[in-house]
Amino acid sequence: LVLNKVMIGVLDSNVAAGYFQQSDQIVRLALSLVTAMNAVLLPRVANEFKNKNFELIEKYIHKSVSLTLFISLPVMFALFELGKVFAPVYFGPGFSEVGNLMAIEGTMVVFIGLNSVVGWQYMMPIGMVTQMSTSVSVGAVVNFVLNVVLIPFFVISSAAVVKLGTVFDRRTFFYMEMEILSLRLKSLGIKSKYDNSIKVFHMQNASTNATFHSRIKKIRFQGNQMKE
């Protein structure tokens with residue numbers, strides 16, 4: 001959590017890091033439901049391992065995996081579907097982006113739940129501490145590398161989407177939209193490309209001519225659209 005938040009703050013912005021922190025708090029709260037069995041099964045598996053009841057350990061792990069999936073899958077879908085509704089209500093209208101992050105982070109609930117079964121309910125009780133520590137260290141390195149690669153990529157992608165969004169203007173409706181679009185693209189430094197493999201059937205002024213038979217009415221209609 002700390003590493004991700006710091007790297008997002010450095011590679012993106014403090015605002016993005018704040019959004020991530022709020023989202024992560026909700027997801028971690030949901031994870032506490034999924035990983036609650038760790039405190040129960042860890043001493044139980046350790047005791048059965050000491051008594052060499054390996055079949056019983058296998059039975060515990062199978063049941064734990066089933067129960068983890070039974071809990072984590074609905075939690076994941078709940079975060080995915082309800083995040084966009086929950087975030088603005090709980091955090092405020094300016095935090096709708098938190099809901100999108102909750103939907104993305106929600107996918108890790110299942111994987112972290114299964115990881116807790118393998119790590120804390122199996123490897124730790126039977127004494128595979130070294131292997132578990134190694135896997136955690138490797139995971140931290142992979143997480144760091146992916147952060148360095150992906151955080152700037154998503155920042156650039158988001159900036160491109162925002163930049164592209166400024167190109168379009170609803171006030172150009174029925175009024176020189178192609179010319180205005182071309183000028184907006186040039187002013188933003190965005191190149192336009194013609195692809196002759198794509199066919200668009202466009203009937204110039206067809207709907208306007210069918211609705212307004214008078215040239216004066218048509219001009220008035222176009223002028224009213226510009227005022228809105």
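These numbers were taken from a predicted model, which means no experiment stands behind them. Heads up: numbering here begins at 1 and tracks the sequence.
In the hydrophobic clustering of this structure, Ile112 does not group with Trp120; members are Ile, Leu, Val, Met, Phe, Trp, Tyr whose side-chain heavy atoms approach within less than 4.5 Å, directly or through other members. A continuous path of hydrophobic side-chain contacts links Val75 to Phe70 [ILVMFWY only; heavy atoms under 4.5 Å]. Connection of Val45 to Met132 is established within a shared hydrophobic cluster, with ILVMFWY side chains joined at heavy-atom distances below 4.5 Å, either directly or through further cluster members. Criterion: ILVMFWY side-chain heavy atoms under 4.5 Å apart, direct or through other members. Under it, Leu73 and Leu67 are not part of a common hydrophobic cluster. The cluster map of Ile, Leu, Val, Met, Phe, Trp and Tyr, joined by side-chain heavy atoms under 4.5 Å apart, puts Val85 and Met76 in different clusters.
The shortest distance between side-chain heavy atoms of Val142 and Val138 falls below 4.5 Å. Looking only at side-chain heavy atoms (C-beta outward), Glu105 and Leu79 stay at 4.5 Å or farther from each other.
Each of Ile71, Asn115, Leu69, Val34 was scored for a side-chain contact (heavy atoms from CB on, under 4.5 Å) with Val110, with one residue passing: Leu69.
Checking side-chain atoms of Ser23 against main-chain N and O of Met102 turns up a donor-acceptor pair under 3.5 Å. Between the side chain of Ser64 and the backbone N or O of Tyr60 there is no donor-acceptor pair closer than 3.5 Å. Judged by distance alone, the side chain of Ser66 and the main-chain N or O of His62 form a donor-acceptor pair under 3.5 Å.
Within 6.0 Å of OH on Tyr122 lie no more than 12 heavy atoms contributed by other residues, nucleotides or ligands. Within 6.0 Å of CZ in Phe144 there are 12 or fewer heavy atoms belonging to other residues, nucleotides or ligands. Annotation for Phe86: atom CZ counts as buried by contact number, over 12 foreign heavy atoms lying within 6.0 Å.
Once rounded to the nearest 0.5 Å, the distance linking CG of Asn47 with CG of Leu56 reads 9.5 Å. Here the straight-line distance linking atom CG of Leu82 with atom CZ of Phe77 works out to 12.5 Å at 0.5 Å rounding. Interatomic distance, CD of Glu48 versus NZ of Lys59, reported as 11.0 Å (0.5 Å rounding). One distance of note links CD1 of Ile61 with CD of Gln121; it measures 5.5 Å at 0.5 Å rounding. Note that CG of Leu42 is 12.5 Å distant from CE of Met123, once rounded to the nearest 0.5 Å. Distance check: Ile26 CD1 to Leu31 CG gives 12.0 Å after rounding to the nearest 0.5 Å.
The heavy-atom pair separating Ala46 from Pro125 by the smallest distance is N-CB, 3.6 Å.
Taking the side chain to side chain contact (heavy atoms under 4.5 Å, CB included) definition, one finds that Gln22 meets it with Gln25, Phe91, Val98, sequence neighbours left out.
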